[in-house]
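Remember, predicted model here, so these are calculated numbers, not experimental data.
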Number of protein chains: 2
Amino acid sequence: MPNEMRPAELDETDRGILRVLARDARTPNNAIAAAVGIAPSTCLGRIRALRERGIVHGHHTDIDLAALGLPLQAMIAVRLGAHTRGQVDSFLDHAAGLPGVISVFNLSGGNDFLLRVAASSADALRDFILDHITSHPGIQHTETSLIFTHRRGAAALSAL
Amino acid sequence: MPNEMRPAELDETDRGILRVLARDARTPNNAIAAAVGIAPSTCLGRIRALRERGIVHGHHTDIDLAALGLPLQAMIAVRLGAHTRGQVDSFLDHAAGLPGVISVFNLSGGNDFLLRVAASSADALRDFILDHITSHPGIQHTETSLIFTHRRGAAALSAL
DNA sequence: CGTGAAATTAATACTAC
DNA sequence: GTAGTATTAATTTCACG
């Protein structure tokens, strides 16, 4: 989600901290400090500043959804009839709050939205689409693809 | 990425721990313990077990890519000519390692892959596609959509 | 499994450079 | 901005219920 941020001046120390945090967000402050060669107290201030500057959004744990009873994942492409800001924002809010939704993208091009969802079964996925997506006002078309596999890239790391 | 996991028996305590970690992966162990009503030492063991059982994959920090000089994000749909396992795996490995790639999905349906990428500019995005995607052997078609906005859902939380 | 106590290690304010 | 130091708090191990 590109927002209001300018390129922001990050020195090599900040980059090092981010590199460590991107790989393991639970790394102790202590260990981060050692990894980048500064004192722990300094490191603490840096991390706090990175959060306050909005460069660090948060820290999330990747949980195996299959282990939680959601072994299926799908991408649902959604097209709206109209494209007023109201329609778009309304659907975005709606979709982000639905159970099983991992992420929602608002896109340019033929499809307006892409939803990544997790489901317990093919039936549950179908029900999800019928109950929460196609039933939403203004939806013109949906198209669902199963996600066979997912791989995490290293976008953040490659930019550091 | 649905893999080999069975629904896995998670009691209410495990679920509580995961709920806390999903929201803030840097929550201290003893705060998690207090939140779910167990001793810190017990909590530590639970968290370790959740990692060993593969239920927790890792902890990642969300970094603002715009602040890192990558203000643009796009979804690139990719279609292969053939669909042998070799072709698919080869592209998956290739794509996941490319700079700026946030995630790679292997899908059913018309498009074989979906790449979420971050770029510094429209030119950089075009270069990325020409240099790394369309130049890859076996690529039949690509289609790029800009990501205007992204919203994180609460899939994990809704399953806990 | 769960715990509580003990030892080690880390987080956090300060202070000062 | 950076670090040293003192205090408070958290992590970790382990013997035991």
Salt bridge (Lys or Arg N to Asp or Glu O under 4.0 Å) between B/D11 and B/R46, worked out: CA-CA 11 Å; B/D11 61 19; B/R46 292 266 194 163; 2.8 Å; yes

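Rounded to a whole Å, the CD atom of A/E12 is 13 Å from the P atom of D/dT2. Straight-line distance from the CG atom of B/N29 to the P atom of C/dA11: 13 Å, rounded to whole Å. With rounding to whole Å, A/D11 atom CG is found 7 Å from D/dT2 atom P. In this structure, A/I47 places its CD1 atom 12 Å from C1' of C/dA10, rounding to the nearest Å. Here the P atom of nucleotide C/dT3 and the CD1 atom of B/I38 are 7 Å apart, to the nearest Å. Rounded to whole Å, the distance from CZ on A/R51 to P on C/dT12 is 8 Å. One interatomic measurement links the two molecules: CD1 of A/I32 to C1' of D/dA3, which rounds to 17 Å at whole-angstrom precision. The separation between A/L44 atom CG and C/dT9 atom C1' is 15 Å, rounded to whole Å.
Looking at A/T42, its side chain has no donor and acceptor atom pair within 3.5 Å of the base of D/dG1.
Using a 30° and 60° split on the angle between ring planes, B/H136 and B/F91 fall in the perpendicular class, above 60°.
Among the atoms of the strands shown, only primed sugar atoms or phosphate atoms (P, OP1, OP2) are found under 4.0 Å from some heavy atom of B/R48.
Across the interface with DNA chain D, nearest-nucleotide mapping of A/R26 and A/T13 shows A/T13 to be the residue nearer the 5′ end.
Side-chain contact check for A/L114 versus A/N111: every heavy-atom pair is 4.5 Å or farther apart. Residues B/V20 and B/L18 form no side-chain contact, since every pair of their non-hydrogen atoms from C-beta on lies 4.5 Å or further apart.
Among the nucleotides D/dG1, C/dA10, D/dT11, the one closest to any side-chain atom of A/R46 is D/dG1. Here the nucleotide nearest the side chain of A/S41, chosen from D/dT13, C/dC1, D/dA3, is D/dA3. Considering only side-chain atoms of B/P40, the nucleotide from D/dG4, D/dT12, C/dG4 that sits closest is D/dT12.
A/H59 and B/D62 are not linked by any side-chain donor-acceptor pair at a separation below 3.5 angstrom, with hydrogens and angles left out of the test.
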